[in-house]
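Order of listing sets the numbers, starting from 1, for every ligand and every atom in it.
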Amino acid sequence: MAEREYEAVIGLEVHVQLKTRSKLLCADAAEFGAPPNTHVCPVCLGLPGALPTINARAVEQGVRAALALGCTVNPALAFARKHYFYPDLPKGYQVTQHDRPLAGSGSVEVPAEDGGDGVRTVRIRRVHLEEDTGRTLHDPGARVTRVDLNRAGIPLAEVVTEPDLASPAQARAFLVHLRRLLEYAGASDVAMEEGGLRVDANVSLRLAGAGEAGTRTELKNLSSFGGVEHALDWEIARQAGVLRAGGTVEPETLLWDAERGEGRPLRGKEDSAAYRYLPDPDLPPLELEPAWIERVRASLPEMPAERAARLVAEYELPPGQAAVLTSTRDLADYFEAVARGGAGPREAAAWVLGDVLAAVRAAGVPLSEFRVRPSDLVVLLELLRQGVVSRPGARRVFARMVETGAAPVQIVAEEGLARSEDEAEVGRWVDEALAAHPAEAERLRAGETRLADFFVGQVVRISGGRADPREAEAALRARTGG
Ligand code: ADP
Ligand code: MG
């Protein structure tokens, strides 16, 4: 934060879509990308008399999310109606939870935002279930607004933190970590581009070192990590300006305009009475059996911090590499499948963090759809270990695997990438290299032996990786008297 005399106090309310096939209260598909208003029924359209049923899978996913955040799950849940008027809210109220939420009092250890070793503990105040709203699509050209209710009723978990974050960068680091935890738990895919994660950010300033918190404002509907950071920077600067000019910060809700990079006052901060929360008479309170909660807990996978620690212990990887390899569960699975294939963990880590990640990024696909499966890479690394292909040869085979999806053995055979076993052939490559660089060849013959490495490199290049560097070096010595 830029303002030295003030320090920021930040708390986030994060809405994440839970991964389920159907919506929270009806059987419509909880799916992104369908033509507008095709996943709708009387329940999510809010037609009179339609009766909701709670999706057990959504509750389970909410429990997974809560447990992944170290929360205590409340065995007795109730659903409430939160009333407000908005065109994408067909019932005129949102089904959410108020006084008996799904879970409370969690905490997560967020890796330091500067990439250092430190962690910051952020307490989770509560996690509750609620239904998503529809979407309004503004078409300023045609001066109309359309409503798409496909999203209405998709299950959300709202995660509310305590005000434990002290800077916009920390807020961002928390969100990155939250996304990772939920992805590991399998509770949510948290696809920001699809509106799978939306954030309201609360921020206040206090004099540095002073205990008393200032008045907070809330920034609404931030939908990217960068947006959260940018909006908080802007709001902190605005509040600091108000305070320095001797003014007072009004408690208000601001709507962030990402295009203009500024917030606009939306309304004064509503208190909860304004929403007229009422118990939902159509939804009975739920009792969760403790044994069921424990079964969900037992089904959670190893979480990222534990997994990174195990990768360090089991494979003797540097902690920095383990941290990157555990950034997603898919990547960690991929690495372990390769590492267990026999090539050795260091070699596996080098390939996964190097060629694999670069190729996945270039292909712009999720790792799960990446052509080169771990089992293929295991075979390639075995070919490399046995000396069937050279290191540069292996990288060429890998590039072909990425392009074609063919098996490494097939590529080696088809492209003639196997290491040459033919001494005469290696000799011809050496002659070619010497002829191409006559001046260097002269100096090598005159005793400048450090040029040998240069020529071996040339031979490997000319041979397309097929020459064994040791054989090339022997042939070079034989010709230059080294
Ligand atoms: P509301 O019910 O009005 O949304 P809550 O007390 O539930 O208010 O808090 C909502 C969010 O505001 C939480 O994420 C909390 O951490 C955050 N918050 C509370 N006090 C402050 C403060 N002084 N400064 C910044 N954020 C705060
Ligand atoms: Mg709130």
Next on the checklist: Please check if the number of heavy atoms outside R340 that lie under 6.0 Å from its CZ is greater than 12.
Outcome noted: yes
Checklist entry - Does a side-chain N-to-carboxylate-O contact under 4.0 Å join R81 and D282? => result yes
Checklist outcome for this item: Under 4.0 Å from one or more heavy atoms of S204, ligand 1 contributes atoms 22 (C), 23 (N), 24 (N), 25 (C)
Item to check | Backbone or side-chain N or O of E218 under 3.5 Å from ligand 1 N or O | outcome: no
Checklist entry - Which of the atoms of ligand 1 are close to V160, meaning less than 4.0 Å from one of its heavy atoms? => result 13 (C), 14 (O)
Checklist outcome for this item: Heavy-atom proximity to atom 4 (O) of ligand 1, picking from R206, E212, E13, points to E13
Next on the checklist: Classify the ring geometry of F398 against F370: parallel below 30°, tilted from 30° to 60°, perpendicular beyond 60°.
Outcome noted: tilted
Next on the checklist: Between E31 and K23 (salt bridge meaning N to carboxylate O under 4.0 Å), is one present in this structure?
Outcome noted: no
Next on the checklist: Please state which option from I124, I10, N202 has its nearest heavy atom closest to atom 17 (C) of ligand 1.
Outcome noted: N202
Next on the checklist: Strictly below 4.0 Å, N to O, side chains only: are K19 and E183 in salt-bridge contact?
Outcome noted: no
Next on the checklist: Within ligand 1, which atoms have a heavy atom of E162 less than 4.0 Å away?
Outcome noted: 16 (O)
Checklist entry - What are the atoms of ligand 1, with element, lying closer than 4.0 Å to any heavy atom of A213? => result 23 (N)
Checklist entry - Looking only at distance, does V203 have an N or O less than 3.5 Å from an N or O of ligand 1? => result no
Checklist entry - For ligand 1, which atoms have a heavy atom of L12 less than 4.0 angstrom away? => result 14 (O)
Checklist entry - Can R310 and E336 be counted as an ion pair, charged N to O under 4.0 angstrom? => result yes
Next on the checklist: So if I count the atoms of ligand 1 from 1 in the order they appear, which ones are less than 4.0 Å from some heavy atom of R125?
Outcome noted: 5 (P), 6 (O), 7 (O), 9 (O), 15 (C)
Checklist entry - Is K82 close enough and on-axis enough to Y93, meaning under 6.0 Å and within 45°, for cation-pi? => result no
